[in-house]
Structures are given as structure tokens and as C-alpha cells.
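Just so you know, these numbers come straight off a predicted model, no measurement behind them.
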Amino acid sequence: MTPSISWGLLLLAGLCCLVPSFLAEDAPETDTSQPEENPASHMIAPNLADFAFSLYRELVHQSNTSNIFFSPVGIATAFAMLSLGSKGDTHSQILEGLEFNLTQISEAAIHKAFHHLLQTLNRPDNELQLNTGNGLFVDSNLKLVEKFLEEVKNHYHSEAFSVNFADSEEAKKVINDFVEKGTQGKIADLVKDLDKDTVFALVNYIFFRGKWEKPFDPKHTTEADFHVDESTTVKVPMMNRLGMFDVHHCSTLSSWVLLMDYLGNATAIFLLPDEGKMQHLEQTLTLEHICQILLNRHTRSASLHFPKLSISGTYNLKTLLGPLGITQVFNNGADLSGITEDAPLKLGKAVHKAVLTIDERGTEAAGATVLEAIPMSVPPDVNFNKPFVIIIFDTITQSPLFVGKVMNPTH
């Protein structure tokens, strides 16, 4: 390979999905012992949250009428791993774009924190199954820098595969098979085409399947209206449950705030803005609000109406991350000489896909028979029949696994 050629580099970042919870019922029983709290992963939790908010606001800026769903942890993991092979401005742009201030945290500490984050997320747990995986797909003619290979393996548990990119159909199949297997069939045929110059692909996926602590009874699901906007209404299967919920109205955010726990160590925060207040919620919401919500939990009786839904988001990260300052890695000025010295590389494509499915089947059917004592006072009616925001947190690492907005649950 001649150094004058600028080779294409493909990055498939943060492939992730939430799958229907009933698939978790046959999860094998494994060790459920809890790991010790890990301050290393806590160290980057605020950065991941800031990155999540930055991405979310950029997606809203691109379109305020579309569903949004992505994994901040997935995207950040992929680019932190890529930073190990970058140098100069390319290197600093990536880390600063991920909301890291290198005067406050060392690069070594960042990679150590990601290592512990991935280790914690991939712990065996038969209640909450959360798996992440990374793969390096290297052209059989390309020689990678040994230090890069060692570091991505040690910090990011990444496997390396030799691929013949000259046969683009075969290379595409190898990568798609890796993703399909890692997401247990939920994301198939992700790579539609490969640039003829691609010599290296980096893949990250995050796979989640959880069971609600308090499921809904399918017998109570009925068709109802969901108001997409003032002029658009769609029919959705609406789950209903009268019970004790962690729900309150927040005047600062002008929104109802609902917390629903998965069995295991994940919590979903749903934010339902008052009429006409979505923009206010999006402009006001900060990490401090989220921390307060998670700290000040209390249950009350409520009549909850929540739509069954399945939405997805597919994003071109070159477009999405450019406004966050990550630009050079995508152009001919990229310095990725820490990956290979054979030829100049640039990031040719960066794709992120996420899938969210929410249904009633939180636990085995028997779980739906649990009875709760309801106070005699009239409970509030909390109806998620219009656009709302979702944040799913891993409570051990304090990391935002997924962030989204449901504008239309039928799309």
C-alpha cells in the first residue's frame, strides 16, 4: 500500500437495541452476585450524560417532528476506542467532542473508566441482560499497530477479525453476521453497502433486554388515541394499570415524571410535558434534574396509560457529531496513524442504529397477579397519549444507556 492513498475507514458505532421483554423469560440462570460499586465508571458518568444531552439537542435541531432513539454509551464507547488510534487534532477533537476535558481527567483514566463500565455492564445477571461487544474488522493486507490492537483488546474487550474487503459482499456479510449475532437477531443487514476503499471497520453494539418490576396486564390493553401534534392523531394499543407508581408532576420542567424499574439495575425515566411544553422541557432539562429525580424517589397511586411501541433510530454520525466538533476524523486531514502506518486513514462512514420496544410483558405472567393496596384518595390520571421523552439509566454505573423521544409510537 502506498502512503499517498487515503484509505476509507468504516465505523459502525453503538449498534443497540431494546428487545421485547418476553424474550428474556428464557434467559439462562447465571451468577447474580452484585459487583462492588466502581468509582472508575462513575468518573465518566457526568461526561456521558453531557454527551447524551448534546446529541439529543442536535437531533432535535435536525428535526423536532421525528422519533429519536440512540445509545450515548454505545456511540461514546466506539469513538473512545477509535481515539486510541488517533493523534494530534483528530485525537483532541474526538475526546473533547465526547465532553472530556483533558485538564480535568487523564486519557488513561478515561480508558480505565470505559474498561470498568463495559465490565460492569456485561456482568452475568439473569434479571437484566445487558451485553455490549466490540469488533475490529481488518483487511487481510493491512498491518495494524500492535499497541493499538493490545489497547482495544485490554480496555474495550474487542475481538479482531481478518476480512477481505476487496470482496465487499463477503466483508459486508461478515460484519452483518457479527452484529446480528451480538444483538440476537434484532439488527440484521445493518451494512447496506461498503465503500470500495474500506480497509478497516470498527463495530460496537449494545444489547438490552429487561423485565419490568411491575408489569401491565395484557387484558387491560385497549386501542386509544395518541396525539402526535395538533392535527395528527394515531391509534395505538394503550396499556393501562391502576397501582403504585413513582410518578410526580414537576413544575420546573412543566412535566409529569414517571420512573419505572427493570428487574436488575436499570431504571427508565419517562417525561411527559404539559400541553405545548415539549420545547420548554428540552431546553430546561439538565443532568442536575435527572440526579434529583433519581435521588428523590417516592411512590403514589396513579392510573397510568402507556402506549405499546416499537421505534428505531438510524443516524449518520458524520452529520450528527460535526456540530459537536468531531470533524477532522472524517476528512483527508485525519491522523489515525496510531491504527496503521501502512497508509493514511480517514473515517469514511459512521452509522448508529438503535431499536426500542416497550410492551406489557415485564415478568412472567404470574407477576401480573400481584395486588397492591391503593389509597382511598382519587389517584391522578397520567396518560402518555402525546409525545414524551425517555432516558434509561444503568443504576450501578450511573450511565445513560439510551435516550429518546417518542413523537409517533406507530413509526
Please examine the side chains of [Y] and [X], heavy atoms only from C-beta on, and report whether any two atoms are closer than 4.5 Å.
{"X": "Val174", "Y": "Asn176", "value": "no"}
{"X": "Leu102", "Y": "Leu95", "value": "yes"}
{"X": "Phe51", "Y": "Leu324", "value": "yes"}
{"X": "Val382", "Y": "His305", "value": "no"}
{"X": "Leu304", "Y": "Phe216", "value": "yes"}
{"X": "Val199", "Y": "Leu345", "value": "yes"}
{"X": "Leu98", "Y": "Phe79", "value": "yes"}
{"X": "Leu287", "Y": "Pro46", "value": "yes"}

Would you say the side-chain atoms of [X] and [Y] include a donor-acceptor pair closer than 3.5 Å?
{"X": "Asp246", "Y": "Thr299", "result": "no"}
{"X": "Asn331", "Y": "Lys346", "result": "no"}
{"X": "Tyr156", "Y": "Glu151", "result": "no"}
{"X": "Asp335", "Y": "Ser86", "result": "no"}
{"X": "Asp394", "Y": "Thr397", "result": "yes"}
{"X": "Gln119", "Y": "His157", "result": "no"}

Less than 6.0 Å separating the ring centroids of [X] and [Y]?
{"X": "Phe69", "Y": "Phe402", "value": "yes"}
{"X": "Phe200", "Y": "Phe137", "value": "no"}
{"X": "Tyr205", "Y": "Phe178", "value": "yes"}
{"X": "Phe306", "Y": "Phe388", "value": "yes"}

**Request:** Show the numbers, then the answer: is there a side-chain contact (heavy atoms from CB on, under 4.5 Å) between Asn134 and Val152?
**Result:** CA-CA 9 Å; Asn134 300 298; Val152 294; over 6 Å; no
Looking at every non-hydrogen atom in both residues, tell me the closest pair between [X] and [Y] and how far apart they are.
{"X": "Ser83", "Y": "His111", "result": "OG-CE1, 3.5 Å"}
{"X": "Phe114", "Y": "Ala80", "result": "CE1-CB, 3.6 Å"}
{"X": "Pro379", "Y": "Ser303", "result": "CB-N, 4.2 Å"}
{"X": "Gln328", "Y": "Ala334", "result": "O-CB, 3.3 Å"}
{"X": "Ile105", "Y": "Met43", "result": "CD1-SD, 3.7 Å"}

**Item:** side chain to side chain donor-acceptor pair (under 3.5 Å) between Thr232 and Asp229, worked out
**Value:** CA-CA 5 Å; Thr232 310; Asp229 54 40; 2.9 Å; yes
Nearest 0.5 angstrom please: [X] [atom1] to [Y] [atom2], how far?
{"X": "Ile339", "Y": "Leu82", "atom1": "CD1", "atom2": "CG", "answer": "5.0 Å"}
{"X": "Ile392", "Y": "Ser399", "atom1": "CD1", "atom2": "OG", "answer": "13.5 Å"}
{"X": "Leu118", "Y": "Ser158", "atom1": "CG", "atom2": "OG", "answer": "10.5 Å"}
{"X": "His289", "Y": "Leu271", "atom1": "NE2", "atom2": "CG", "answer": "10.5 Å"}
{"X": "Thr395", "Y": "Leu294", "atom1": "OG1", "atom2": "CG", "answer": "9.0 Å"}
{"X": "Ile311", "Y": "Asn408", "atom1": "CD1", "atom2": "CG", "answer": "9.5 Å"}

**Message:** Looking at Glu360 and Lys308, is any side-chain nitrogen of the basic one under 4.0 Å from a carboxylate oxygen of the acidic one?
**Reply:**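 Yes, Lys308 and Glu360 are salt-bridged.
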**Salt bridge present between Glu169 and Lys172 (N-O < 4.0 angstrom)** =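 Salt bridge: yes.
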**Item:** From CA spacing to verdict: side-chain contact (heavy atoms from CB on, under 4.5 Å), Leu272, Asn383
**Value:** CA-CA 9 Å; Leu272 178 70; Asn383 196 342; 5.7 Å; no
Taking atom [atom1] of [X] as the centre, does the number of heavy atoms from other residues, nucleotides or ligands within less than 6.0 Å exceed 12?
{"X": "Lys318", "atom1": "NZ", "result": "no"}
{"X": "Gln279", "atom1": "CD", "result": "no"}
{"X": "Lys192", "atom1": "NZ", "result": "yes"}

**Evaluation steps, side-chain contact (heavy atoms from CB on, under 4.5 Å), between Leu320 and Leu55** = CA-CA 7 Å; Leu320 183 57; Leu55 283 178; 3.7 Å; yes
**Steps toward side-chain contact (heavy atoms from CB on, under 4.5 Å) verdict (Thr267, Tyr262)** = CA-CA 6 Å; Thr267 295; Tyr262 291 97; over 6 Å; no
**Asked** Would you find a donor on one side and an acceptor on the other, under 3.5 Å apart, between the side chain of His115 and the backbone of Asn154?
**Response**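 Yes; at least one donor-acceptor contact below 3.5 Å.
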**Prompt:** Which residue, Arg57, Lys405, Lys277, forms the side chain to side chain donor-acceptor pair (under 3.5 Å) with Glu282?
**Reply:**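 The side chain to side chain donor-acceptor pair (under 3.5 Å) with Glu282 is passed solely by Lys405 among Arg57, Lys405, Lys277.
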**Request:** Determine, step by step, whether Lys143 and Glu341 satisfy the salt bridge (charged side-chain N to carboxylate O under 4.0 Å, His left out) criterion, reporting the C-alpha distance in whole Å, the side-chain angles of both residues, the deciding distance to 0.1 Å, and the verdict.
**Result:** CA-CA 8 Å; Lys143 187 178 187 305; Glu341 295 170 357; over 6 Å; no
For residues 247-255, run the donor-acceptor check on the side chains, cut-off 3.5 Å, and write out each pair with its distance to 0.1 Å, sequence neighbours left out.
residue	atom	partner	partner atom	Å
His249	NE2	Asp274	OD1	3.0
His249	NE2	Asp274	OD2	3.1
Ser255	OG	Leu253	O	2.9

